[in-house]
Each structure stands twice: as C-alpha cells, then as structure tokens.
Amino acid sequence: MSEIVTETSNNGIQNFEPIVRYQKVSKSFGDTEVIKELDLDVAPAEKIGIIGPSGSGKTTLIRMLMTLEKPTSGTIEVDGELLWHKRVNGNLVPADEKHLRKVRSKVGMIFQQFNLFPHMTMLRNVTEAPIHVLGLSREEAEERAITMLEKVGLKDKLDQYPRQLSGGQQQRVAIARALVMNPKIMLFDEVTSALDPELVEEVLAVIKEIALEGNMTMLLVTHEMQFAREIADRIVFINGGTIIEQGPPEEIFENPKHERTQNFLRRFNKKN
Amino acid sequence: MWDWEFTISILPLLLEGLKITLIATFLAFGFAVVVGLLLAIASRSSVKILSLPVKAFIEFVRSTPLLAQLFFIFYVFPKFGLVLTPLVAGVLGLGLHYSTYLSEVYRSGIDSIPRGQWEAAKALNFSKARTWISIIIPQAVPPIIPVMGNYLIGMFKDTPLLSAITLVEVLQTAKIIGAQSFRYLEPITMVGVIFLILSYVSSLGVRWLELRLNQR
C-alpha cells in the first residue's frame, strides 16, 4: 500500500492499474457545472481524502461512482470496466441496468444521513441485501451480519430499530451494512457531519480500523482534516469542480502549493 | 304508518342483498388495492412508453362518471365478445375506478419516502423490484392505511350504483320488495339505516387505526 502511494503522490507517475479512473468527467445540474473535465486515478487499496469547500463538487464526484448521479460527459472506469457505458462493437453506448448492477456491486457507500431502513431491525438492515442481492441463505447472512455488527461494536443491538439508537450507533450499523456486501471500493460522504460532536469519535474509530486492514479502496469526502491526515494516503483538494491540488497529507496540510488550497486551509483552521 | 312486523319480515331478504353488497365491496376493494399499487408504480417509471399511457388512463377514469364506466363494461363489452355477469362487471368497474384514486393515495405515500432510502437501496445494489418490495412499499403503506379505509367506506356507499347493471344488491332488493308490496317506506329506510350503521362503525375503525398508527 505505502509504496504505491509514494509513487502516485510524489510525482504523479501512475504506474499502477487504477481501480477507479475518472476521465474528463463533467457534471452539470441545469446550467450549473459542478464537475469540470475532472481526471482522477485511484490505486487499489488507496485511501483518498477528498476535501474542499461546500459546493465544490466533492460529494457529486463520489455520487457518480455510486451511480447516484450520471455524468454529463466523460467516462468512469471501475476495476477495468466502464461504469456508465458499455462497449458495443467498439462504440460507447449508455449502460443498461444489468451492466450498472454488475459494476455497482464493487462499490459501497456510507451516507451523511445514515439512511438506515427505519422499518427494519438492525440485524435485518444488515442481512437484507446479502439475502436478496447476494443470494445468501438467512443463516449465512445473519452469521456474516453479526460478525460485522460485532466489528462496529454493536452486537447487542440486533433487535433494535434505528430510532432507538444514537446517531453514532446508526452510522456504525450503516457501515456494517455496507461492509457485509464486501465491496472493493467504499465511499464515505461526510459521514460524521450529521453527528453530535461527542459521537464523531466512535464512528471515526471504526472507519480507521477498516482503513488499517488495508485492502479496501476508500474515498472519503470529509471535513475532519485531522482524521483525513491520519488515514489518507493522498489528499485531493477540489474547488469549483476541478482538482486544484493533490498529494500526501503532510504535503497538502503543511505545504500547500496552490493559493486556493492555502486559503481554504487557513479559513478552515480559523473556524475550528 | 311504520309497520314493525313488515320491517322484521323483510329483514332476511335485505340481509341477503347486503351480502351481495359486501361481496362486491370487498372484491372490488381488493382489486383496487392491487391495481392501484401497480398503477402508482407504473406511473413513476422512467420508461415513458409505460408511464405516459398509465397516467392518461388514470386521468381518463377519474374524469368520467363511474356509472358510465359500469354501463360501458356491462353493455358495451359484450359487443366485443366479453360477456360479464353483473357481479363481475360491477367488481371490475368499481375496482378499476377506485384503483385510480388509490394510485394517487399510494403516490402520496411513496413521495413521502426520503430520497436517501432509494439511494441506500441503490448503494446496496438492490434490484428495482426488490427495492419496492423490501424498502419502499413497507414504508409507504402504513401511513396511508386510514385514507385507504376511507376509500373503502366510499366504495361501499357507491355499490348501489351496481343496481343499474342489474346486480341485486341491498338497494335493488329493497326496490323489488317495494314494488311487490307497494310499501317503500320500510325497505328503503332500512337500507339507509344499514348503510349508516356499517359506515359509521367502519369510520370508527378507521379512526382507531389512525390513532394506533400515529402512536408508532
């Protein structure tokens, strides 16, 4: 993991087979262009912290990878396959639902608002997809789910409903729910922004543990700079829909080269 | 003027008619509950050649009188080789008519589900059908049950229209009794009383259900 990172960040030479590749990706909502011809390669198992002011397009960037937003132009590749397109006789055609589902199975996502299913117990929140998407038996799915809930420290909450849990606990269940699908790439969309300050730490600890296991590719959109610094191999600073600057955390946080990065970090430090 | 003995003597006949009324009501409602949901789902489809005709159909049925629809099904369908008994034609007409109303009720329930639920379902790679079955319908339906209950009562009160396509339900039974005995007061009044009692009791039931659902 660490060798790859040094290579990517120090000189931008990317001699790895990227697991995610954005090429000239643009996205507009109406007349507003939120992502502008963005290129980004992500190495397998790399942890990328995506930072930037609100409205900079960082959330849109990962939402396109989860197929929640469709790029206006450009291509995204996941694990060697085009995400939004299919190649038919050498031509790119829009992907159908079947293709989207196939590629999507490699990606998981944790949301700012948790988005647990309120009508299901914690256990069922975690088993529903393994049973109906992966086709596991109930016993097998429950076994896996319990292992995951144990990992996030919530094994004793199996029969409770989301509304009975704190935000931090809910977010940890959401993490277990995504992990149980065993995605290669996990996306984190400001996962602690909706939490009370005292609950942030328990969620970050769980994410850190997953990050340390090493083999999962992670893209984290976050405002937790300290946390990003601790776990990310690379920090990507986005503003106005383009990558302004990227590099290893020490470099970006201590020696930002670009003026806009400097301004952003200065403002950010002042606020906190 | 009011003859109690006569009233009691015609009750069994009226209850026989009531049985038909209730059968028609529940069959038609069951039909409307299922078809209404299908219409609601189809009208939300991103496939325009599916959603547009469905929306047009809903608009058409809601904008034309139920009685005209019943006549069409019962008297015009046979011209195309589809001969239906009064009960089947009535259930079909009533059920179809109310399915368009219920589809709107479902729509309101579905619209109230936060976008994050759809997104979570997608992130977990649920198929479209599974998203509806596991995530959307179980959350969309409980809040709209009271409204659906009110439509059930409304439908029950609309069943006398089926007498127009020769179904001998409770009102038609009363009319026949009247014609044979030259006494209309008791049978027609009793039909009113029966509807009043059943509708009132059902509306109490709906209110109870509403309270219970709000407590959850």
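Basis for what follows: all heavy atoms, side chains included, without hydrogens, waters or symmetry-related copies. Naming convention: chains lettered A, B, ... in sequence-line order (proteins, then strands); numbering from 1 in each chain.
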Bottom line for A:Glu97: the part with an atom under 4.5 Å from chain B's heavy atoms is side chain
Notebook entry, point to check: For B:Arg207, does the CZ atom have more than 12 heavy-atom neighbours from other residues, nucleotides or ligands under 6.0 Å away?
Noted result: no
- Task: Start with the C-alpha gap between A:His132 and B:Ile133, add the side-chain angles, then the distance that decides, and say whether side chain to side chain contact (heavy atoms under 4.5 Å, CB included) holds.
- Result: CA-CA 11 Å; A:His132 295 293; B:Ile133 296 167; over 6 Å; no
What one should report as the nearest heavy-atom pair of B:Ala120 and A:Asn115 is CB-O, 3.5 Å
#### Entry: CZ (B:Phe60) with more than 12 external heavy atoms under 6.0 Å
no
* Asked: Hey, is the main chain of B:Ser134 close enough, under 3.5 Å, to the side chain of A:His119 for a donor-acceptor pair?
  -> yes
So, the part of A:Phe117 with a heavy atom under 4.5 Å from chain B: the answer is both
Considering residues, nucleotides and ligands other than A:Gln164, do more than 12 of their heavy atoms fall under 6.0 Å from its CD? yes
Turns out that what part of A:Gln113 lies under 4.5 Å from chain B's heavy atoms comes down to neither
If one checks every heavy atom of A:Arg177 against chain B at 4.5 Å, the contacting part turns out to be both
Assert top hit (heavy-atom pairs under 4.5 Å, partner chain B, pool A:Met66, A:Arg101, A:Arg63) equals A:Arg101
message: Does B:Phe80 have more than 12 heavy atoms from other residues, nucleotides or ligands lying within 6.0 Å of its CZ?
response: no
Correct closest heavy-atom pair for B:Leu124 and A:Ala178 would be CD2-CA, 4.4 Å
A side-chain contact here means heavy atoms from C-beta on lying under 4.5 Å apart; do B:Lys122 and A:Met109 qualify?
no
Heavy atoms of other groups near B:Ile49 CD1, more than 12 under 6.0 Å | no
Would you confirm whether B:Gln117, through its side chain, and A:Leu116, through its main-chain N or O, come within 3.5 Å as a donor-acceptor pair? yes
